[in-house]
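First the structure, in the form of structure tokens, and then the observations on it.
Owing to the predicted nature of the structure, the values given are computational and were not obtained by experimental measurement. Each residue takes its place number in the sequence, starting with 1.
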Amino acid sequence: WGGALGERDGGGSRKSRIASEFLLHVENRLRQSLGLTLYYLPSNKAAVAALRQLSKLPCLSGALPSASSAASSTATKVVWSPTNCTTRRILPAIIEKQLLSPHIVPTNGGILEPRHLYPMLDDDDDAIANNKEAWKSHSRSNDKMYENAKRLYGLCWRMTVSLPPSPETSAAPMSSGNPRPSSALDHLRIAFGEYGRLRGSDIVKQGLSKGSNNNAPNKDMEKKIIPDLLAFKNHLNSLHAVAFRNDDSFGAMVRSVLEDVLNGATAPNNKSNDDSDGGRRIAELLAKHVDARFKDAKAQAAPATSSSSAPRASLLVSAIAADASESFQSEILSLFRHVHSKDVFEAFYKRDLAKRLLTGRAVSTDMERSFLSKLKAECGAGYTSKMEGMFKDMELSRDIMGSYAAYASSWTATSGLQNAAADASSPSVKVVDMDVQVLTTGYWPVYPKYPNIILPSELLALRTKFETYYNDKYQGRRIAWQYSLGNCIVKATFPKSPAPKELIVNVCQSLVLLCFRHDDGDDGLGLTLEEIQKRTGIEDRSELERVLQSLSMGRDGTRVLKKVDYDSLPTNTGPSLKAATGKDGNGSPRKAKKPRVRRNVGPQDRFLFNALFSSNQRRIRITNITMKETSEERTKTHEAVSKDRLYFIDAAVVRIMKARKTIDHRMLIGEVLAQLKFPAASADIKKRIESLIEREYMERVEGDISKYKYLA
């Protein structure tokens, strides 16, 4: 068996199964020895007395082989103990000593070597040869799952409990001062931890790998990281519950593995890896995963049911959907508990929550509130106070619009500013055709403002009406309009479509569309970027370019404008037009190639109304590029989190100095790290200490530069 386990070349699938065959052989021999013991060695006083003498022989009193066994004078006995007071342990003890013990330690082809152990933990004998991530699609309903891992744990447990470890060994912690395991279960637990860290780091590295251009990350791979980590966590928990019999020490190892994987500390013997980002990226992806689920209508949609059983079936479907949502939230929180960069998750989740609430993309408000309450129970009220304020603003806005509707109807009837609205015989007139959401500044993220935007007369009249109402009801408050968050429904008629279309766009997109209400410019060749900028008042050139790209170069069915590049204009007689009208080698005219439109917007490019636009949908949502996450927005969010962390470090240092008055540098660093709720490096804390010294919050003690003194 030693030669078979130590074999490294050849063997194929037989080689990957040699470890499981060996464990099965050991189990069969132990079962055979038990039968022999019951038949040949009856339990009586004379036999027990004889075994007490036999226990002194070297063949029955041994230690688990390890690198330290030769240097240690008092090795721990793990084979058999005469204190057991039974003859039924004599033959199994020999099997454990002579057959199992030499092949446990992961050296020289031991059973705990990765090439033998990992297929058993993956629950796939051919995992190394075929697919080392077979656990992703493995069924958890099979009664025979993890047979090899359960067998290995049982054999290691037999060797460990044969004789309890000495008090010195059991009391010694597993640290750098006492790194050597004391029993077979310790060997198995450490190997299990190495397996978990390797598999978890592979998931993260594979998901964060660069795309084909080696610059931008692969978005499709990033979306798989959190689902794969959730599946991997369930796999570890199943191993702990099924194979390792809910052993508390293995449960602690599972938690340690998840913390290291999620926070980037998977380097061996280095929990503070310099290359790690402290789990920032995982926290961001976790928030994105929640956002994708909470705005995914398909994930919450109920299946169709027959009309006869519709009421009962709808209740059943609602209960199933609620259970699925509760299960999803519990799984997310099980990962969230191990993430150290919870402030990064808060920043991205709060930003995505604001988008869902303001754009109406939230599938279920109850689900949003349920998850928020779980975050509050996990991290405290301060963690979710701003997000709870968002929901309060949405409820307050509904109440305000309810009272504004009554005010608008009476104001319209008495003022006489709109004659059409005063005509009660016109059933098509709406009393209130604008919905306003009043947001508290401190609760919501910061959005761009357009102070010089040019609104059409219809929107100006509605804005003036609402400002008059709000100033009369809430005196002392100031309204700052956030046009970048507004949405409009623009009705448009196209020659190719018999019925008018309703375009759901934001305010900036609606202003650009209104530029083409009557014509395509003075010369009929379209409007340039500068002309559109003058008509709309959108001073942010990059934002205007993104708006034009979304209206003219979006997905099929949303290109309501037509972009004409400067090179393809009729007035341009450049080489491109001459080449397009030339002839081939046979003298026949060349077939005109379809011009390729550039993705960027040039200053001399023109935009026209797309008369050829057609769509089967009556209501079309045109998403602006700014609604999608950009790299600049992501970078700004991370920078804001880093800036907030500096304030937390300053507050912790000042709080400690105020209480201690005088403190040593090392002690100050340790206490600051203990108070912070996010990962921080000692170098960052040192920089903040220098900044506080420059601002005269503290100073160095004269004669001892390693101590600091607080300045009141």
Side-chain angles (χ1 to χ4, degrees), residues 19 23 64 66 78 104-106 110-123 127 132-133 135 138 140 145-146 148-161 164-165 169-204 228-273 276 279 282 331 333-340:
L23 293 178
L64 187 67
S66 64
V78 295
I104 283 292
V105 182
I111 201 71
L112 296 183
E113 269 195 354
R115 59 195 178 98
H116 296 312
L117 177 65
Y118 291 3
M120 290 188 285
L121 297 181
D122 285 332
D123 205 14
K132 70 177 183 179
E133 296 180 351
W135 47 266
H138 196 70
R140 300 294 172 221
M145 64 182 184
Y146 302 127
N148 294 324
K150 286 191 289 187
R151 187 175 291 117
L152 176 61
Y153 174 81
L155 294 175
C156 290
W157 181 84
R158 288 178 64 102
M159 296 186 63
T160 301
V161 301
T169 306
S170 60
M174 296 296 295
S175 61
S176 58
N178 184 26
R180 300 185 181 93
S182 59
S183 66
L185 278 182
D186 289 338
H187 280 288
L188 178 58
R189 186 177 67 252
I190 293 174
F192 170 63
E194 294 174 354
Y195 158 82
R197 292 182 180 90
L198 178 63
R199 288 286 191 264
S201 61
D202 287 344
I203 293 174
V204 176
D228 287 350
L229 286 176
L230 288 172
F232 180 65
K233 178 192 69 68
N234 294 333
H235 170 65
L236 294 180
N237 290 334
S238 298
L239 276 172
H240 171 231
V242 178
F244 303 141
R245 314 291 177 85
N246 287 318
D247 192 319
D248 292 340
S249 61
F250 283 82
M253 182 58 70
V254 169
R255 294 188 291 271
S256 175
V257 167
L258 291 176
E259 286 192 3
D260 292 345
V261 170
L262 295 176
N263 298 289
T266 54
N269 300 326
N270 184 15
K271 292 302 179 78
S272 59
N273 188 8
S276 170
I282 296 298
E331 287 185 351
L333 286 175
S334 65
L335 283 185
F336 175 75
R337 292 187 183 97
H338 302 288
V339 173
H340 291 167

- Task: Answer whether the closest heavy-atom distance between the side chains of Ile282 and Leu229 falls below 4.5 Å.
- Result: yes
- Message: Please give me the minimum heavy-atom distance between Ala191 and Leu117, naming the atom from each residue.
- Response: CB-CD2, 3.4 Å
- Message: I'd like to know whether Asp186 forms a side chain to side chain contact (heavy atoms under 4.5 Å, CB included) with Ser183, so could you lay out the CA-CA distance, the side-chain angles of the two residues, the decisive distance to 0.1 Å, and finally the verdict.
- Response: CA-CA 5 Å; Asp186 289 338; Ser183 66; 3.4 Å; yes
- Message: Would you compute the distance between atom OG of Ser249 and atom NE2 of His240 and round it to the nearest 0.5 angstrom?
- Response: 7.5 Å
- Query: Which one of Val242, Leu188, Leu239 satisfies the side chain to side chain contact (heavy atoms under 4.5 Å, CB included) criterion with Tyr153?
  - Reply: Leu188
- With no hydrogens and no angle check, is any side-chain donor or acceptor of Ser256 less than 3.5 Å from a backbone partner on Ala252? no
- Message: What's the separation between atom OH in Tyr195 and atom CG in Leu236, rounded to the nearest 0.5 Å?
- Response: 6.5 Å
- Query: Between His116 and Ile111, which heavy-atom pair has the shortest distance, and what is it?
  - Reply: CB-O, 3.5 Å
- When rounded to the nearest 0.5 Å, the distance separating CD of Glu331 from CG of Leu230 is 5.5 Å
- Query: Are any side-chain N or O atoms of Asn263 and backbone N or O atoms of His340, one a donor and one an acceptor, separated by less than 3.5 Å?
  - Reply: yes
- Task: Evaluate the side-chain proximity of Pro119 to Asp122: yes if any heavy-atom separation is below 4.5 Å, no if none is.
- Result: no
- Task: Could you tell me the separation between the CG atom of Leu152 and the CG atom of Leu121, rounded to the nearest 0.5 Å?
- Result: 7.5 Å
- Give the minimum heavy-atom separation between Val257 and Gly196, together with the two atoms involved. CG1-C, 3.5 Å
- Message: Parallel, tilted or perpendicular: which one describes the rings of Phe192 and Phe244, with boundaries at 30° and 60°?
- Response: perpendicular
- Message: Restricting to non-hydrogen atoms, name the atom on Leu185 and the atom on Cys156 that form the minimum distance, rounded to 0.1 Å.
- Response: CD2-CB, 3.9 Å
- Task: First locate atom CE of Met120, then atom OH of Tyr146, and finally report the distance between them rounded to the nearest 0.5 Å.
- Result: 14.0 Å
- Qualifying residues under salt bridge (Lys or Arg N to Asp or Glu O under 4.0 Å), relative to Arg337, sequence neighbours excluded: Glu378
- Task: Nearest 0.5 Å please: distance from the CZ atom of Arg245 over to the NZ atom of Lys150.
- Result: 7.0 Å
